[in-house]
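Structure record follows, encoded as structure tokens.
Just so you know, these numbers use all the heavy atoms, side chains as well, and skip hydrogens, waters and symmetry mates. Chain A is the first sequence line, chain B the second, and so forth, proteins listed ahead of strands; every chain is numbered from 1.
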There are 2 protein chains.
Amino acid sequence: METALRERRRVQTAREIHVAAMELCQELGLEAVTTEAISSRAGISLRTFFNYFPNKEAAIVNRPPEFPREAVRVFTEGGGTLLEDMRGLLIAQFIQIDANRKLGRLFQALLRDNPGLQSAHEASMRGLIAELKAILATRLDPDTDHLADILAVVVVCAIKKGLESWILDEDRSLSESIDEILADLKQLGLVLR
Amino acid sequence: METALRERRRVQTAREIHVAAMELCQELGLEAVTTEAISSRAGISLRTFFNYFPNKEAAIVNRPPEFPREAVRVFTEGGGTLLEDMRGLLIAQFIQIDANRKLGRLFQALLRDNPGLQSAHEASMRGLIAELKAILATRLDPDTDHLADILAVVVVCAIKKGLESWILDEDRSLSESIDEILADLKQLGLVLR
DNA sequence: GCACGAAAATGCATAGTGTGCAATATTTGC
DNA sequence: GCAAATATTGCACACTATGCATTTTCGTGC
């Protein structure tokens, strides 16, 4: 267990920086936040901040949670249609966000109020898109597998939309939002015919 | 015509900065390029550089050409299916790029070789997506108009893919690439059913 | 032509960013 | 406890980006 503990500590530190960054952004607005202030609140040196994140935007945005391995396995082996099986994948993903609903809500608010976060957000989404692309590729026929990346973009875009409406609305249930996303995708299929 | 001349001059200066930035990026790689060097090569002061662009990435990426007004009008009034009429829109857009094919090719190469340009590129694409969203909204039924933004994302993503393969391949014709884009979109419609 | 005013370019000062490097501190396996 | 690996930190430094005051340029009306 050499790495396991250190790894956990690193994750913990990254999280503390992330939370400090988000709080400061909420209090002062993105422009007024400095890496210095973030480091100070997180209880680390400025230099250490840059060991964890390349800039303040990245610290605020952090990374979206990965798709859970188990859900990915079920999806790749899944027996339903693509969209049906996607439902399980999305639920597994959303559950992780739901677990930190408070931070999630805060982040969505920051994103809405600070346009300067968009680029960093999209950068972090690229990772998710790449992941999803690989997952989708396992389910696509040889004649449609070149669509994997564009399909991944579509789904992640839909997820973003779903998150926006879900996380800002207290009364919205998880499955409600997901079914809305899937309905949108199905409808998109019709429009593109 | 007080502004017209000045406006043209501004556009010209912006273009000179843009070209200088691209050349330097090609010669030295993104990391080694400084705003100072760009300004110097463009024959302006560093301070003036920041009157035109917020950072070096933006100068290299510049902005994609807008959809030509006339083509937009034809599209919104168009009598064919969505995808059929989109063809005209894409052709009008690609023609503008074709007019500066050399710079376009250079830019695609820079984008491929310098991952640090991705964020700035996507930022510039957001403008195009917003534009396209508004255009598409004019053609969508009330029951599908909430799909305008996701549809715009899909199309722009397809355009990006088309550009990548088109602009890097000497022998590829404009309409060939566009038809490939449209075929992809149609196929995507099937996959999403 | 010429003077006026708007727009653009510039110089300067300054706060903030991000990285390399070397020194120090901490943790881990033994 | 000790040695190796890993993490944190301080420092120096080059670069980024902006506000502000000044100068330059240029189109306009006389």
Side-chain angles (χ1 to χ4, degrees), chain A residues 1-25 27-62 114-120 123-124, chain B residues 1-25 27-62 114-120 123-124:
Chain A
M1 290 295 149
E2 175 200 354
T3 42
L5 258 179
R6 280 203 150 122
E7 174 68 12
R8 243 190 298 161
R9 182 78 192 108
R10 268 192 84 79
V11 170
Q12 176 59 20
T13 302
R15 186 176 178 79
E16 285 167 11
I17 298 174
H18 171 53
V19 171
M22 285 205 300
E23 289 174 354
L24 282 169
C25 185
E27 294 166 19
L28 311 174
L30 179 62
E31 301 309 313
V33 176
T34 66
T35 52
E36 170 66 39
I38 298 172
S39 312
S40 165
R41 178 170 300 202
I44 55 165
S45 75
L46 177 61
R47 193 62 188 78
T48 300
F49 172 89
F50 287 107
N51 286 344
Y52 283 85
F53 297 99
N55 50 58
K56 68 181 176 188
E57 286 84 3
I60 296 171
V61 168
N62 212 347
N114 299 280
L117 290 177
Q118 291 250 0
S119 282
S124 87
Chain B
M1 291 295 147
E2 175 200 354
T3 42
L5 258 180
R6 285 205 145 118
E7 173 67 12
R8 243 191 298 162
R9 183 80 192 109
R10 267 191 85 77
V11 170
Q12 176 59 20
T13 302
R15 187 178 178 77
E16 284 167 11
I17 298 174
H18 172 51
V19 171
M22 286 206 299
E23 288 174 355
L24 282 169
C25 183
E27 293 166 20
L28 311 174
L30 180 62
E31 301 309 312
V33 177
T34 65
T35 51
E36 170 67 39
I38 297 171
S39 312
S40 165
R41 178 170 301 202
I44 55 167
S45 75
L46 176 62
R47 193 62 189 77
T48 299
F49 172 90
F50 286 106
N51 287 344
Y52 282 86
F53 298 98
N55 51 57
K56 68 181 176 189
E57 286 84 2
I60 294 170
V61 167
N62 213 347
N114 299 281
L117 289 178
Q118 291 250 1
S119 282
S124 87

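Each of B/Phe53 and B/Arg9 lies near DNA chain D, and the nucleotide nearest B/Phe53 is the one positioned closer to the 5' end. Take the nearest nucleotide of DNA chain D for A/Ile44 and for B/Val33: the residue whose nucleotide is more 5' is A/Ile44.
Between the P atom of D/dT16 and the CD atom of B/Glu36 lies a distance of 9 Å, rounded to the nearest Å. Atom CZ of A/Arg8 and atom P of D/dT6 are 18 Å apart (whole Å). Distance CG (A/Asn51) to P (D/dA7): 9 Å, rounded to an integer number of Å. In this entry the distance linking CZ of B/Phe50 with P of C/dG11 reads 15 Å, nearest Å. For the pair A/Lys56 NZ and C/dA15 P, the computed distance is 16 Å after rounding to whole Å. D/dA17 atom P lies 14 Å from atom CG of A/Leu30, rounded to whole Å. Following rounding to the nearest Å, B/Asn55 (CG) and D/dT18 (P) show an atom-to-atom distance of 9 Å. Atoms CG (B/Leu46) and P (C/dG11) sit 10 Å apart, rounded to a whole Å.
The stretch residues 10-25 of chain A touches DNA chain D through A/Arg10, each having a heavy atom under 4.0 angstrom from the strand.
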Decide side chain to side chain contact (heavy atoms under 4.5 Å, CB included) for A/Thr13 and A/Arg10; before the verdict, give the C-alpha distance in whole Å, the side-chain angles of both, and the deciding distance to 0.1 Å. CA-CA 5 Å; A/Thr13 302; A/Arg10 268 192 84 79; 5.8 Å; no
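Atom CZ of B/Arg15 has 12 or fewer heavy atoms from other residues, nucleotides or ligands within 6.0 Å.
For B/Arg47 against D/dG19, a side-chain-to-base donor-acceptor contact under 3.5 Å is present.
The closest donor-acceptor contact from the side chain of A/Asn62 to the backbone of A/His18 lies at 3.5 Å or more, if one exists at all. Side-chain atoms of B/Ser39 come within 3.5 Å of backbone atoms of B/Thr35 as a donor-acceptor pair (strictly under, hydrogens ignored).
Residue contacts for B/Thr48: at a heavy-atom cut-off of 4.0 Å it reaches a base atom on one of the strands shown.
Rounded to the nearest 0.5 angstrom, B/Gln12 CD and B/Ile17 CD1 are separated by 10.5 Å. Atoms CD1 and CZ, on B/Ile38 and B/Phe53 in that order, are 9.0 Å from each other to the nearest 0.5 Å. Atom CG of A/Asn114 and atom CD1 of A/Ile60 lie 7.0 Å apart (nearest 0.5 Å).
Among the nucleotides D/dT16, C/dA8, C/dA9, the one closest to any side-chain atom of B/Arg6 is C/dA8. Of the candidate nucleotides C/dG16, C/dT19, C/dA8, C/dA8 has the atom lying nearest to any side-chain atom of B/Tyr52.
For A/Ser45 and D/dT8, the shortest distance from a side-chain N or O to OP1 or OP2 is not below 4.0 Å.
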